[in-house]
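Here the structure is laid out as structure tokens; the discussion comes afterwards.
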Amino acid sequence: MTKKVKVRFAPSPTGDLHVGNIRTALFDWAYARHTGGTFLFRIEDTDTTRVTDEYINAAIDTLKWLGLDWDEGPEVGGDNGPYLQSQRLDIYAQWAQKFLDQKDAYHCYCSPDELEAVREAQRKANVAPGYNGHCRDLTDAQIAAYKAEGRGAVVRMRMPDGNTTFTDLIRGDVTFDHNFVPDFVLVRADGSPLYTLAVAVDDILMKVTHVLRGEDLLSSTPRQIRVYQAMGVKLEDYPVFAHLPFVMGQDNAKLSKRNGEVSIAWYREMGFLPEAICNYLALLGWSPGDDLENITMKQLTEMFTVEKVHSSPARFDMKKLEAINGDKIRALTLDEFLKWSLPFLTKADVITGTDAEIELVKKALPLIQERIIMLNEVPKMLKFLFTKNFAVDAESVSKITDDGSKAILQRSIKELETVSDWNHTNIEAVLRASLIEEMALKPRIAFTALRIATTGSTISPPLFESMELLGKEACLLRINAGLAL
RNA sequence: GGCCCCGUCGUCUAGCGGCCUAGGACUCUGGCUUCUCAAGCCAGCUACGAGGGUUCGAAUCCCUUCGGGGCUACCA
């Protein structure tokens, strides 16, 4: 009988969640959903100097926004909580004490300076740096002496001789010789637990079956397995590991959270859709196959398997993300597009949100849906429909002050005044008849002048539709104003 | 330095011994369409890091080498 899958995403929010974090979260989530298992969300905040409440809340918010819903964790609860490690300190302390009692762990009185000196010597001697086992077998007298000195002590796990082999779902069997896995610290001198202790204890206690995480944690796996052993966990109850390849930056360096472009919050502000971000990120290190790329979240959960995840790192490519975002925007229904656009429009002060404004937005959106790749372009493209103090873009003014343009504008006013039923078909008809047919102008020339005068820019939604939405009065007003420039 | 991981077009990938004179997507270039910008359509450029094996046959298996990355904390 196979156990029900439980996958966890356990970030340490020392900043806004970034691209790499989210790719991991996405795979965790997709795998849980694919298998019909449980998705557990846990916050690893044992490093209190770097993790803040603000970042924790931001992480929760980001995950929700992306649609990566969790079954156990902050806000939703569960049977294995609490899900913030800072609230589980007593649990870790108990286990650490147990390890001490079992002699699996011991107190180490070495000072940071002493440890550094040892490492320095090791580097010089060209041997593997790491803890040298100095305090492994201290006598009672030695311990008493250290205590008398007032030294603090950390709790260190004893790494036995031998080696650890585990099967990584993505990389196959991986073996680490314990000669290169020194005794590691479980508890700081101040009594607080370290990641190595907390993850292992939590993954077991929370009954996690699959640990899918970044490959930077690959070499810490033998340490976790050591903790499982000390906990007395049976082999078949160890979680299965899968180390996901990195998402790298353009320069082949690991994407770092110091860079603004990696923060998911930034992508949200720019107007990327969560589904586009997830779709793109899913393609980094994984592929649905069959030349398929544009997939829905539902398809992702149906097709995703860890076995198909690559072992090699992937470069993050903004252009491709943009292309996918454009595809996703074009696939939106009008109501969806409206829902996503409104916040951008109000935030940019293009509209305040009245019913009349929303009605007009609704008419205008279809005109720009295939012309944008990010939602933050919506206000830019629709501003001309709502602005109270209209002005032609500075760089476009000179393009309509020549005699040719004046003639076009003059003739347009004359023709447009005659249009009684103001719609784009009629507008186009009179303008083509007069400007193109009679004046024999090139459409490009004639309509560019009108475009600048009515929308203020050389780039706009389709001209005649734009004029229709603007209304006859406003159009004529603006063209007249353009004539006066 | 040591340990570990990785190596197909510029980028993401398909490929799991013959379907590969290596397919798709993004980017880029050219063209068509066209009221701008897009979108759409067509065409083109460009890859199995290198060297050895194994085999009738290798991108696919093995070895070496080179290159990239991670870890080497009282960070995660």
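A, B, ... follow the sequence lines: proteins, then strands. Residue 1 opens every chain.
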Exactly one of A:Arg213, A:Arg171, A:Glu215 clears side-chain hydrogen bond (donor to acceptor under 3.5 Å, both in side chains) with A:His243, and that residue is A:Arg213
Exercise for the section: Using the P atom as the reference point in each nucleotide, state the distance between B:rU21 and B:rU60 in Å, no decimals. Expected result: 14 Å
Practice item. Indicate, with a heavy-atom threshold strictly under 4.0 Å, whether A:Ser460 touches base, sugar-phosphate, or nothing. Key: base
Separation of B:rC74 atom P from A:Tyr106 atom OH, nearest Å, is 11 Å
### Message
Using a heavy-atom cut-off of 4.0 Å across all strands, would you classify A:Tyr280 as base, sugar-phosphate, or nothing?
### Response
nothing
Between CG of A:Asp291 and P of B:rC9 the distance, given in whole Å, is 17 Å
### Query
Between A:Trp286 and A:Phe304, what is the ring plane arrangement, given parallel below 30°, perpendicular above 60°, and tilted in between?
tilted
As its Watson-Crick or G-U partner within any shown strand, both distances under 3.5 Å, B:rA39 has none
Requested in this report: Assign A:Thr46 to base, sugar-phosphate, or nothing according to its heavy-atom contacts below 4.0 angstrom with the strands shown.
Outcome: sugar-phosphate
Rounded to whole Å, the CG-C1' distance (A:Asp327 to B:rG24) equals 14 Å
Does a side-chain N or O of A:Ser220 approach OP1 or OP2 of B:rA76 to a distance below 4.0 Å, or not? no
_What's A:Ser311 touching, base or sugar-phosphate or nothing? Going by heavy atoms closer than 4.0 Å._
sugar-phosphate
Against the side chain of A:Arg444, the closest entry in B:rU36, B:rG69, B:rA14 is B:rU36
Scanning all shown strands, the Watson-Crick or wobble mate of B:rC3 with both distances under 3.5 Å is B:rG70
note: A:Lys442, atom NZ; B:rU36, atom C1'; distance rounded to Å ~ 16 Å
Next item on the list: Between B:rU27 and B:rC63, how far apart are the P atoms? Round to whole Å, please.
Entry: 40 Å
task = Determine the Euclidean distance between corresponding P atoms of B:rC28 and B:rA39; express it in Å to zero decimal places.
result = 10 Å
Picking from B:rA76, B:rU36, B:rA73, the nucleotide nearest the side-chain atoms of A:Pro462 would be B:rU36
Item to check | P-based separation of B:rC71 from B:rA14 [nearest Å] | outcome: 26 Å
- Would you call A:Val7 and A:Val208 a side-chain contact if the rule is heavy atoms closer than 4.5 Å? no
Check whether any side-chain heavy atom of A:Leu205 lies under 4.5 Å from a side-chain heavy atom of A:Arg88, and answer yes or no. yes
| field | Inter-nucleotide P distance (B:rG30, B:rC45), Å rounded | value | 15 Å
Among B:rC12, B:rC35, B:rC75, the one nearest any side-chain atom of A:Leu194 is B:rC75
Touch class at under 4.0 angstrom, heavy-atom based, for A:Leu217 against every strand present
base
Taking B:rC35, B:rU27, B:rC71 as options, the one with an atom nearest any side-chain atom of A:Leu463 is B:rC35
Per nearest nucleotide of RNA chain B, the residue lying toward the 5' end, A:Leu218 or A:Pro443, is A:Leu218
- Message: Test side chain to side chain contact (heavy atoms under 4.5 Å, CB included) on A:Met318 and A:Tyr280; report intermediate values, then the result.
- Response: CA-CA 10 Å; A:Met318 181 79 82; A:Tyr280 174 64; over 6 Å; no
In Watson-Crick or G-U wobble terms, with both distances under 3.5 Å, the base opposite B:rU21 is none
Per nearest nucleotide of RNA chain B, the residue lying toward the 5' end, A:Asp177 or A:Leu284, is A:Asp177
Ranking B:rC5, B:rC35, B:rC74 by distance to the side chain of A:Glu215, first place goes to B:rC5
Across the strands shown, which category fits A:Arg223 at heavy-atom distances under 4.0 angstrom: base, sugar-phosphate, nothing? base
| said: Students often get this wrong, so: under 4.0 angstrom with heavy atoms, is A:Pro11 touching a base, only sugar-phosphate, or nothing? | reply: nothing
Tell me whether the side-chain N/O atoms of A:Arg371 come closer than 4.0 Å to OP1 or OP2 in B:rU36. no
task = Decide yes or no for A:Pro239 and A:Ile204: does some side-chain heavy atom of the first lie under 4.5 Å from some side-chain heavy atom of the second?
result = yes
What integer number of Å spans the C1' atoms of B:rG44 and B:rC37?
25 Å
Lys/Arg cation over aromatic A:Phe184: A:Arg223, 6.0 Å, 45° cone:
yes
Of the listed B:rA14, B:rC12, B:rG40, the closest approach to the A:His310 side chain comes from B:rA14
Original post:
Which part of the nucleic acid does A:Thr175 contact within heavy-atom distance under 4.0 Å: base, sugar-phosphate only, or nothing?
Top reply: sugar-phosphate
B:rG44 -> Watson-Crick or G-U wobble partner, both distances under 3.5 Å, gives B:rC28
Checking B:rC12, B:rA76, B:rC74 against the side chain of A:Arg315 (C-beta onward), the nearest is B:rC12
Short side-chain N/O contact to B:rC5 OP1/OP2 from A:Arg171, under 4.0 Å: no
For A:Ala189, report the nucleic acid contact type (base, sugar-phosphate, nothing); a contact means any heavy atom under 4.0 Å.
base
Here the distance between atom P of B:rG24 and atom NZ of A:Lys320, to the nearest Å, is 13 Å
Given the structure, check if the side chain of A:Arg451 and the base of B:rC35 hold any donor-acceptor pair shorter than 3.5 Å.
yes
Rounding to 0.5 Å, atoms SG (A:Cys278) and CE (A:Met297) come to a distance of 3.5 Å
| query | Under the side chain to side chain contact (heavy atoms under 4.5 Å, CB included) criterion, do A:His210 and A:Asp28 qualify, and how do the steps go? | reply | CA-CA 9 Å; A:His210 290 72; A:Asp28 284 334; over 6 Å; no
Given the C1' atoms of B:rA58 and B:rA50, what is the spacing between them in whole Å?
16 Å
Rounded to whole Å, CG of A:Leu470 lies from P of B:rC35 at a distance of 21 Å
Taking 4.0 Å as the cut-off, does a side-chain nitrogen or oxygen of A:Arg432 come that near to OP1 or OP2 on B:rC35?
yes
So what does A:Gly326 touch, heavy atoms closer than 4.0 Å: a base, only the sugar-phosphate, or nothing? nothing
Original post:
Using 30° and 60° as the class limits, which term best fits the ring planes of A:His107 and A:Tyr109: parallel, tilted or perpendicular?
Top reply: tilted
Here the distance between atom C1' of B:rU13 and atom CG of A:Asn279, to the nearest Å, is 13 Å
*Whole-angstrom distance between B:rA43 and B:rA59, as gauged at atom P*: 27 Å
In whole angstroms, the gap separating C1' of B:rU36 from CZ of A:Phe464 amounts to 11 Å
A:Glu293 has its side chain closest, among B:rU11, B:rU36, B:rG24, to B:rG24
From the candidates B:rC74, B:rG2, B:rA76, the one with an atom nearest any side-chain atom of A:Phe180 is B:rG2
* Asked: If you look at every strand shown and take non-hydrogen atoms under 4.0 Å, does A:Val154 touch a base, only sugar-phosphate, or nothing?
  -> base
Among B:rC5, B:rC6, B:rC12, the one nearest any side-chain atom of A:Ala314 is B:rC12
Counting only side-chain N and O atoms of A:Arg188, is one of them less than 4.0 Å from OP1 or OP2 of B:rC75? yes
